Amino acid sequence: MKPFLTLQSVESVLEHIRSFPVLEEEAVPLDAALGRRLAGSFAAPEALPGFDRATVDGFAVRARDVFGAQEGSPALVECVADCPMGVVPEVVLQEGQAARILTGGMLPQGADCAVMVEYSRPAGGNLVELTRSQAPGDNVILRDDDAAAGDVLLQAGQRLRPQDLGLLAAFGVSGVGVRRRPRVAVLSTGDEVVPSAETPPPGKVRDVNAHSIAALCREAGADALRAGLVRDDAQALQAAVARLAQEYDVVAVSGGSSAGMRDHTVEIFASLPQASLLVHGAAISPGKPFILARSVMAGRVVALVGLPGHTTSALICARVFLAPLLAHLQGGAVPETPAALPAVLVRSVASAQGRRDYLRVRLRALCGAEQERAAVAGLRPRYAAEPIMGASGLISGMAAADGLLVCPENREGYDAGELVMVELFR
């Protein structure tokens, strides 16, 4: 047997990931920036919306002129102008004056609030009775309510969402500086593996990992290629890895990462130019035989990732380590806070101290009676978490799971009925 190096904690592996250089910046059109990560923080170049505007149809007024107004004691004002949409009002309101305005219209000078049309009634000629008292700023968006000039609105490394693109568009941004997408090659190994399109003969299985890992890489913002299948042959695997490392930012090898006699990945990674083996073995379950190395090709740093061959182990390792690596290469924080929700564990689960366990769970809604029984510290969780048991070589458990329950190194498990946090799959 080939020995593992000392098993490293999750935090130690993530620290190695942070040591890789971030990819270079490139400019993309705004409409092509969804899901990309900002290369630098974005600060508001000006106030937004840039003018005071009404949020209701009604009348722009001075708050002091309608103070105390009510149904039985209305404020009487004179409507002296209309405020057309998209036009700067020419009028300056004086004491006792109002201007008719529509939602989104620019407030005239002198006005500091708006009264809804529902609280107005004609009083003859240009006079209007207003039956609602207002304070300054009521029913108004001020010129810098969305943003003041200089406010940092988006952080470097942030993954751009639809609303972020809308924010950039509000400032007239048409092109965005983002980090280049990592190029990832996913290589499968194993004499027992055949391409997924083939019918496997007895003793062989279809290649599951190439598809699921490549999909996870794309979900993380990378351009991923399924680079084929290599048998358990050290020379063939070395040639394939060396060739891919010349072109890709990350080479991920599925299988051959353990310490058996047919596991060649560590030696092959170490044989590449200026190679450094950073991790061989992580203190997690499943996923112990994880490898992280780096090489330098023509002045370019290449990340080399060895994932277990078992499907669940490979996917969990990819989620815990490969996805953060791809986020880091694009300037993202490591680790990023995962989307999670509270749930009541329906069955006790055990865990060995000294390692971090990632337990697959299925979520279901709690009924009303269950919610009452599950109330903890004033919280009323809405979901139950059911652990999914099964060997790490099975893919069905991952497909059935809604997320992962993470049991830290200092716990021996969770008891049934405990309130736990479930990290959600996207």
Side-chain angles (χ1 to χ4, degrees), residues 4-26 35-41 152 154-160 177-186 213 216-224 245 248-253 257 265-266 269-270 272-284 287-297 299-308 314-340 355-356 358 404 406 408-409 423 426:
F4 280 107
L5 299 181
T6 301
L7 295 184
Q8 298 189 36
S9 68
V10 172
E11 286 76 14
S12 176
V13 177
L14 295 179
E15 190 62 35
H16 287 302
I17 285 172
R18 296 186 194 100
S19 71
F20 282 83
V22 175
L23 296 175
E24 63 271 19
E25 177 179 349
E26 63 181 10
R36 303 296 296 273
R37 291 185 182 268
L38 274 179
S41 298
V152 176
L154 300 173
Q155 299 292 335
Q158 180 173 334
R159 194 170 188 178
L160 293 171
V178 297
R179 294 295 174 185
R180 178 172 63 76
R181 292 184 185 276
R183 297 185 297 266
V184 183
V186 179
I213 294 167
L216 181 142
C217 292
R218 296 186 192 105
E219 185 180 67
D223 291 328
Y248 290 87
D249 303 300
V250 180
V251 179
V253 177
S257 64
T265 307
V266 167
F269 284 176
L272 296 182
Q274 300 182 54
S276 300
L277 181 63
L278 305 175
V279 180
H280 185 201
I284 69 171
K288 175 182 174 182
F290 172 75
I291 303 170
L292 179 64
R294 59 191 293 163
S295 176
V296 179
M297 294 280 187
R300 182 177 55 85
V301 175
V302 181
L304 306 167
V305 175
L307 299 170
L315 266 176
I316 288 179
C317 262
R319 177 182 172 87
V320 176
F321 299 128
L322 179 54
L325 171 64
L326 298 176
H328 169 74
L329 293 177
Q330 297 169 84
V334 175
E336 294 182 311
T337 303
R355 74 182 186 196
R356 188 173 300 185
Y358 292 83
L404 296 174
V406 182
E409 293 85 345
E423 293 186 3
R426 291 186 184 180

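What you are looking at is a predicted structure, and each value in this text was computed from that prediction instead of being measured. We're numbering straight along the sequence, starting at 1.
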Using side-chain contact (heavy atoms from CB on, under 4.5 Å), reason through V305 and C317 one step at a time and then give a plain yes or no. CA-CA 10 Å; V305 175; C317 262; over 6 Å; no
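In terms of heavy atoms, L307 sits closest to A318 at CD2-N, 4.1 Å. Closest heavy-atom contact between L216 and A323: CD2-CB, 4.1 Å. Smallest separation of non-hydrogen atoms from S41 and V152: CB-CG1, 4.1 Å. Taking each heavy atom of A156 and A39 in turn, the nearest pair found is CB-O, 3.9 Å. The two atoms that bring F269 and G306 nearest to each other are CE1-N, 3.7 Å, heavy atoms only. In terms of heavy atoms, R179 sits closest to Q330 at CG-O, 3.0 Å.
Under the 3.5 Å distance criterion, the side-chain polar atoms of R159 are matched with a main-chain donor or acceptor of G35. Side-chain N or O atoms of D249 include one that pairs as donor or acceptor with a backbone N or O of R183 at under 3.5 Å. Remark: side-chain polar atoms of R294 are not paired, donor with acceptor, to backbone N or O of V301 under 3.5 angstrom.
By the side-chain hydrogen bond (donor to acceptor under 3.5 Å, both in side chains) test, E336 is found to be paired with R37, residues two or more places apart in sequence or in another chain being considered. Among residues two or more places apart in sequence or in another chain, the ring pair (Phe, Tyr, Trp, His ring centres under 6.0 Å) test is passed with Y358 by none. Not counting sequence neighbours, R218 has no partner by the salt bridge (Lys or Arg N to Asp or Glu O under 4.0 Å) test.
Annotation: the span from L325 atom CG to I17 atom CD1 amounts to 5.5 Å, rounded to 0.5 Å. If you take NE2 on H328 and CG on L14, they are separated by 11.0 Å, rounding to the nearest 0.5 Å.
Between P289 and P308 the shortest side-chain heavy-atom distance falls below 4.5 Å. No side-chain heavy atom of V13 sits less than 4.5 Å from a side-chain heavy atom of P324. No side-chain heavy atom of V250 sits under 4.5 Å from any side-chain heavy atom of F20. Side chains of S19 and E15 form no contact here, defined as non-hydrogen atoms less than 4.5 Å apart. Two residues are said to be in side-chain contact when any heavy atoms from C-beta on lie closer than 4.5 Å; F321 and L292 fail this criterion. Counting only heavy atoms from C-beta outward, the side chains of V406 and R356 approach each other to under 4.5 Å. The shortest distance between side-chain heavy atoms of R355 and K288 does not fall below 4.5 Å.
With respect to the salt-bridge test (charged N to carboxylate O, under 4.0 angstrom), the residues R180 and E24 qualify. Ionic pairing of E219 and R319 is not present here: no N-O contact between side-chain nitrogen and carboxylate oxygen is shorter than 4.0 angstrom.
When each of T265, L304, L278 is tested with I291 by the rule side chain to side chain contact (heavy atoms under 4.5 Å, CB included), just one qualifies, namely T265.
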